[in-house]
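The structure appears below as C-alpha cells.
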Amino acid sequence: MALPYDTKRLDDSDEGIAEAARLILAGEPVAVPTETVYGLAADATNADAVAAIYAAKGRPSFNPLIVHVPDLEAARRLGKFDQDALALAADHWPGPLTIVVPRRVDAGIASIVTAGLDSIAIRVPAHPTMRAILAKVGRPLAAPSANASGRISPVRADHVLASLDGRIAAVVDGGKTERGLESTIVAATGGGLRLLRRGPVSIDATEETGDKIEAPGQMSSHYAPGKPLRLDVLTAEPDEFLIGFGPVAGDQSLSASGDPVEAAAHLFDLLHVADRSHQPRIAIAPIPGDGIAAAIRDRLKRAAAPR
Ligand code: AMP
Ligand code: MG
C-alpha cells in the first residue's frame with residue numbers, strides 16, 4: 001500500500017520552523033526535537049490532528065498525551081496548580097519534567113489528548129526549536145515520542161524517519177537530542193506528589209513523602225465510563241445509548257462515513273455524552289479494521305471489562 005506522505009525533512013532555521021508551524025496549524029502532526037526525545041507534535045485543540053498522531057504511530061491503544069506549552073502562565077490556563085505543583089514548576093521549567101494536574105473545564109484541549117480524563121499532563125520544554133515552534137503555532141501541542149508503536153524512542157531525525165517516513169508530513173531536524181530519555185512525570189492532583197515515571201529530573205520530595213511509584217497497570221490514568229458498556233452492537237436495547245459507526249447510525253455516531261481516524265477523534269467525547277445521557281447502559285457499534293480501529297477496540301474492551 002502506498003504511504004500517505006512524501007515526508008519533508010525541515011531544518012531548524014526560521015523557514016523550517018515557519019513551515020512546521022504552518023503544517024501543525026493545518027492539522028498535520030510534525031516530528032520536532034525536544035530536550036528529551038523527538039516528539040510527534042500536533043495542535044492539542046484539534047481532535048482530528050491528535051487522532052492523526054495515533055494513525056501515524058499505529059499505536060495499539062490510547063494513552064493520555066503530554067501537552068507542551070511555552071510557560072507556566074500558559075500551563076495555568078490548562079490546569080489547576082496547587083502549591084506543590086507551582087514549586088515543582090518553579091524549580092524545573094523549562095525542562096524535562098511533566099506535571100499532571102486537574103484539568104480546567106475551559107482548557108479547550110481535545111478530549112482525545114487526555115483520553116477523557118479530568119487531569120492533564122503538562123510540560124514546558126527547554127529545547128529552542130520546540131520553543132520556537134510553540135511560539136509560532138500559538139497553541140498547546142500534544143506530543144508523544146515520534147516513533148512507530150513498539151519502536152524505540154527517537155533521538156535523531158534519522159530515527160524518526162526510520163519508522164515514520166511516509167507516515168508524517170515532516171520532521172524538523174534539530175540534531176541529536178540532549179537527554180535521550182522521556183521526561184519525569186509527577187502527579188499533583190491532590191494529596192501530595194506522586195512519581196508516575198522516572199526520568200531525567202530526580203524528584204526528592206516525591207520519594208520523601210513515602211509514596212510508592214504507581215505501576216502502569218494500577219495507574220488511574222484511564223477514563224472509563226461509569227455505566228456498563230456492550231460492544232459490537234448493531235441494534236440497541238431500549239435502555240441503551242447507542243454509539244454508532246459507519247452503517248450503524250446510533251444515537252450519535254463516531255463517524256457516519258466509517259472513518260476510524262474521525263472515530264478516534266470523537267471517541268472520548270461520545271463516551272462522556274453516553275455517560276451523561278439518561279440511558280443506564282451504553283452500547284457501541286462494531287469498529288472493524290486494523291491500525292487505529294484496533295486501538296479504539298482495545299480501549300473499548302478495557303472500558304467494557306468488569307470493574
Ligand atoms: P508519552 O507522551 O508517550 O511520553 O507518554 C505520556 C505518559 O504520560 C504516559 O505514560 C501517560 O500515562 C502519562 N500521562 C499523561 N497524562 C496523564 C494523566 N492525565 N494522568 C496520569 N498520567 C498521564
Ligand atoms: Mg513512546
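Side chains are part of it too, since the values below use all heavy atoms of this structure and drop only hydrogens, waters and symmetry mates. Remember, predicted model here, so these are calculated numbers, not experimental data. Indexing begins at 1, ligand by ligand and atom by atom, following the structure's order.
Near I185, the atoms of ligand 1 lying under 4.0 angstrom from a non-hydrogen atom of the residue are 7 (C), 8 (O), 13 (C). Residue contact check: V100 has heavy atoms under 4.0 Å from atoms 18 (C), 19 (N), 20 (N) of ligand 1. Near L196, meaning under 4.0 Å from any of its heavy atoms, are these atoms of ligand 1: 21 (C), 22 (N). Residue S119 approaches ligand 1 through these ligand atoms, each under 4.0 Å from one of its heavy atoms: 18 (C), 19 (N), 20 (N). Close contacts of ligand 1 with R59, meaning ligand atoms under 4.0 Å from a residue heavy atom, involve 3 (O). Ligand 1 places these atoms under 4.0 Å from at least one heavy atom of L117: 18 (C), 19 (N).
Between the CD atom in E237 and the CZ atom in R230 there is a gap of 5.0 Å [rounded to 0.5 Å].
Closest to atom 6 (C) of ligand 1 by heavy atom, among P64, G79, P144, is P64. Counting only non-hydrogen atoms, the option in K57, R197, R103, R123 that gets closest to atom 1 (P) of ligand 1 is R197.
Listed by first then second residue, pairs satisfying side chain to side chain donor-acceptor pair (under 3.5 Å) with a partner in residues 80-106 read T98-S183, not counting sequence neighbours.
The existence of a salt bridge linking K8 and E19 is confirmed by a sub-4.0 Å separation between a basic side-chain nitrogen and an acidic carboxylate oxygen. Between R76 and E73 there is no salt bridge, since no side-chain nitrogen of the basic residue lies less than 4.0 Å from a carboxylate oxygen of the acidic one.
Judged purely by distance below 3.5 Å, without hydrogens or angles, the side chains of S145 and N147 pair a donor atom with an acceptor atom.
Not a single heavy atom of T114 lies less than 4.0 angstrom from ligand 1.
In this pair, H272 and Y223 present their aromatic rings parallel. The plane angle is below 30°, not in the 30 to 60° band.
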Exercise for review: Kindly indicate, with the supporting measurements, whether the criterion side-chain contact (heavy atoms from CB on, under 4.5 Å) is fulfilled by V261 and D48.
Suggested key: CA-CA 7 Å; V261 181; D48 296 306; 5.9 Å; no

